**Q** 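Quick one: the structure is below, and I'll ask about it shortly.
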Amino acid sequence: MSFSSLVSDIAYRNSERDDLRSQVSRTRSYASTTATAATSVSISGDISSQLHGGYSHPLARAWQAERQLTKSMLIYPLFISDQPDEEVLIPSLPNQYRRGINKVVPYLQTLVAKGLKSVILFGVPLGPNTKDALGTNADDPKGPVIRTIRLLRRTFPDLFIVADVCLCEYTSHGHCGILRDDGSLNNTLSVDRISDVALAYASAGAHCVAPSDMNDGRIRAIKLKLIEAGIAHQVVLMSYSAKFSGCLYGPFRDAAGSCPSFGDRKCYQLPPGGRGLARRAIVRDINEGADIIMVKPASQYLDIISDAKELGKDLPVAAYQVSGEFAMIHAAASAGVFDLRAMAEEATQGILRAGATIVVSYFTPDFLDWLSN
């Protein structure tokens, strides 16, 4: 290389270094200017948009929830057959079984050890001649619900036992009360019968009776009979105040054998668009003596859960994530739409955010594991 070429090459490299130094200097200057501007904005008080720091850590994200799911919030539905040794998978309700009384305790022992706090019992009469027009076997002392209440009280003294109160599983027609000759619901006779059944379950040892029939005035009738029996002070009355008719109950009816033999329940369960009706029903049941208000189904009726919390601000609000909701989440997860646990948790968080502090859920066994990890 000639001397002149060497000088030219050194000059070119020095020029590159000067350009690089200039770029670094401009970058530092820009960063400094931006930081100054950001500081200036902060100093001027415009900080309300700076949110990311508040949920930058998993624990900090959990703190953002007004309510965090705990095991004590969960109630697990159990289908109790009158066949003592039955343990049958319910095809439309993933991982859920209908069990006879001899199978219930062995199954629950593991769940109670994991922290299960509460169950709700649904009787399923399968034997011959167990159904009639009056639902006679609903409060049979030898029937599945009363026998199971007594067994669980002896075996698991700390387990909170809820007894669902309805006639649909026990009536030959599958409706939630006693019918008139024209097939419509006889509200007066139905309320008298439902309140008798509730009293029988409470007298057998249920901590809570939960009428799901939707007959007008049944909360007052039950409360009065509990008072007359001298046990109102020790029995929780949880009302299915806002129970909507719809297509989300199919798996439950498969499990409980409670599908109507004719017609439907649209004349006593609430219409899906009936928000005003739901609010009126909630207020009515509060005034009649309900201790807990329930909304059913849950995820499609978050506005009603919120209304229940507003109207019954001094009462606990329960939400029943029904069989169809549970089955849909399982079906979508099986199809790869989302992760099962992630969706179960997200759906439940939505229910809690809306205002519920109690959740009736078929996911309860899963949550007992998930909440322990």
Side-chain angles (χ1 to χ4, degrees), residues 77-93 96-108 119-153 161-181 183-186 189-206 209-215 218 222 225 240 243 249-265 268-269 323:
L78 294 178
F79 299 99
I80 310 298
S81 167
D82 62 357
Q83 308 299 301
D85 295 311
E86 182 183 45
E87 192 167 36
V88 175
L89 181 67
I90 303 160
S92 57
L93 202 53
Q96 306 301 307
Y97 288 76
R98 187 171 57 232
R99 292 181 170 86
I101 192 168
N102 293 340
K103 300 294 185 178
V104 173
V105 168
Y107 174 65
L108 287 182
V119 295
I120 183 169
L121 305 180
F122 298 92
V124 187
L126 299 173
N129 304 315
T130 53
K131 300 190 179 191
D132 60 27
L134 303 178
T136 303
N137 285 316
D139 51 357
D140 181 359
K142 296 181 181 179
V145 173
I146 289 180
R147 289 184 64 201
T148 302
I149 290 170
R150 290 172 174 160
L151 174 64
L152 296 183
R153 285 297 301 263
I161 301 166
V162 183
D164 177 84
V165 184
C166 198
L167 299 182
C168 59
E169 302 103 313
Y170 300 92
T171 53
S172 51
H173 45 71
H175 282 281
C176 301
I178 298 172
L179 303 183
R180 296 186 177 92
D181 292 340
S184 63
L185 202 65
N186 187 319
L189 294 181
S190 298
V191 166
D192 192 50
R193 181 79 186 102
I194 286 287
S195 55
D196 281 346
V197 175
L199 179 60
Y201 292 166
S203 299
V209 289
S212 59
D213 55 294
M214 291 297 288
N215 284 285
R218 87 269 199 219
I222 293 170
K225 288 187 178 180
Y240 288 69
K243 180 179 179 180
Y249 302 128
F252 176 94
R253 292 172 184 173
D254 292 343
S258 61
C259 188
S261 61
F262 69 91
D264 53 42
R265 296 172 178 153
Y268 47 97
Q269 294 180 0
S323 59

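Here the structure is a predicted model, which is why all the values come from computation and not from measurement.
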**Q** Search all heavy atoms of Ala163 against all heavy atoms of Val145 and return the closest pair with its distance.
**A** CB-CG1, 4.5 Å
**Q** Search all heavy atoms of Phe122 against all heavy atoms of Pro77 and return the closest pair with its distance.
**A** CE1-CB, 3.9 Å
**Q** Taking atom types as modelled, find out whether Ser92 and Asp254 have a side-chain donor-acceptor pair closer than 3.5 angstrom.
**A** yes
**Q** About how many Å separate CG of Leu121 and CD1 of Ile149, when rounded to the nearest 0.5 Å?
**A** 6.0 Å
**Q** Going by the salt bridge (charged side-chain N to carboxylate O under 4.0 Å, His left out) test, which pairs reach into residues 134-146, not counting sequence neighbours?
**A** Asp139-Arg193
**Q** Quick one: does Tyr170's side chain get under 4.5 Å of Thr130's, heavy atoms only?
**A** no
**Q** Under the rule for salt bridge (charged side-chain N to carboxylate O under 4.0 Å, His left out), what residues qualify as partners of Arg218, not counting sequence neighbours?
**A** Asp213, Asp285
**Q** For Gly177, does its backbone N or O pair with a side-chain atom of His175 as donor and acceptor, under 3.5 Å?
**A** no
**Q** For the CG atom of Asn137 and the NZ atom of Lys131, what is their distance to the nearest 0.5 Å?
**A** 10.5 Å
**Q** What are the two closest heavy atoms between Ala138 and Val197, and how far apart are they?
**A** CB-CG2, 3.9 Å
**Q** Hey, could you give me the OH/OH distance between Tyr107 and Tyr97, rounded to the nearest 0.5 Å?
**A** 9.0 Å
**Q** Indicate yes or no: at least one non-hydrogen side-chain atom of Val165 is less than 4.5 angstrom from one of Ile194.
**A** yes
**Q** Looking at residues at least two apart in the chain, or sitting in another chain, which of them share a side-chain hydrogen bond (donor to acceptor under 3.5 Å, both in side chains) with Thr148?
**A** none
**Q** Honestly, is Arg99 close enough over Phe79, meaning NZ or CZ under 6.0 Å from the six-membered ring centre and within 45° of the axis?
**A** no
**Q** Side chains of Arg153 and Ile161: does their closest heavy-atom pair fall under 4.5 Å?
**A** yes
**Q** Measuring from Leu167:CG to Ser190:OG, what's the distance to the nearest 0.5 Å?
**A** 7.0 Å
**Q** Walk me through it: do Val119 and Leu152 pass the test side-chain contact (heavy atoms from CB on, under 4.5 Å)?
**A** CA-CA 10 Å; Val119 295; Leu152 296 183; 4.2 Å; yes
**Q** By side-chain hydrogen bond (donor to acceptor under 3.5 Å, both in side chains), which residues pair with Glu86, not counting sequence neighbours?
**A** Ser81, Arg98
**Q** Is the shortest side-chain heavy-atom distance between Asn186 and Leu179 below 4.5 Å?
**A** no
**Q** Can you see which heavy atom on Ser172 is nearest to which on Ala133, and at what distance?
**A** OG-N, 3.5 Å
**Q** Please name the pair of heavy atoms, one in Val162 and one in Ala210, separated by the smallest distance, quoted to 0.1 Å.
**A** CG1-CB, 3.9 Å
**Q** Between Val124 and Ile80, is a side-chain contact (heavy atoms from CB on, under 4.5 Å) present by the stated rule, with each step listed?
**A** CA-CA 6 Å; Val124 187; Ile80 310 298; over 6 Å; no
**Q** Any chance you could measure Tyr249, atom OH, to Cys168, atom SG, to the nearest 0.5 Å?
**A** 11.0 Å
**Q** Atom CD in Gln269, atom CE in Met214: separation rounded to 0.5 Å?
**A** 7.0 Å
**Q** In chain order, what residues pass the salt bridge (charged side-chain N to carboxylate O under 4.0 Å, His left out) check against Lys225, with sequence neighbours excluded?
**A** Asp192, Asp196
**Q** Checking side-chain polar atoms at under 3.5 Å, does Ser212 have a donor or acceptor matched by the opposite partner on Asp164?
**A** yes
**Q** So for atom CG, which belongs to Asp85, do other residues, nucleotides or ligands contribute more than 12 heavy atoms lying within a distance under 6.0 Å?
**A** yes
**Q** Apply salt bridge (charged side-chain N to carboxylate O under 4.0 Å, His left out) to Asp82 and list each qualifying residue two or more places apart in sequence or on a separate chain.
**A** none
**Q** Do the side chains of Leu78 and Leu108 get nearer than 4.5 Å, heavy atoms only?
**A** yes
**Q** Would you name the heavy atoms of Ala198 and Val209 that are closest together and state the gap between them?
**A** O-CG1, 3.5 Å
**Q** Under a 3.5 Å distance rule, please check whether Ser184 uses its side chain to pair with a backbone N or O of Arg180 as donor and acceptor.
**A** no
**Q** Any chance the side chains of Thr136 and Asp132 put a donor and an acceptor closer than 3.5 Å?
**A** yes
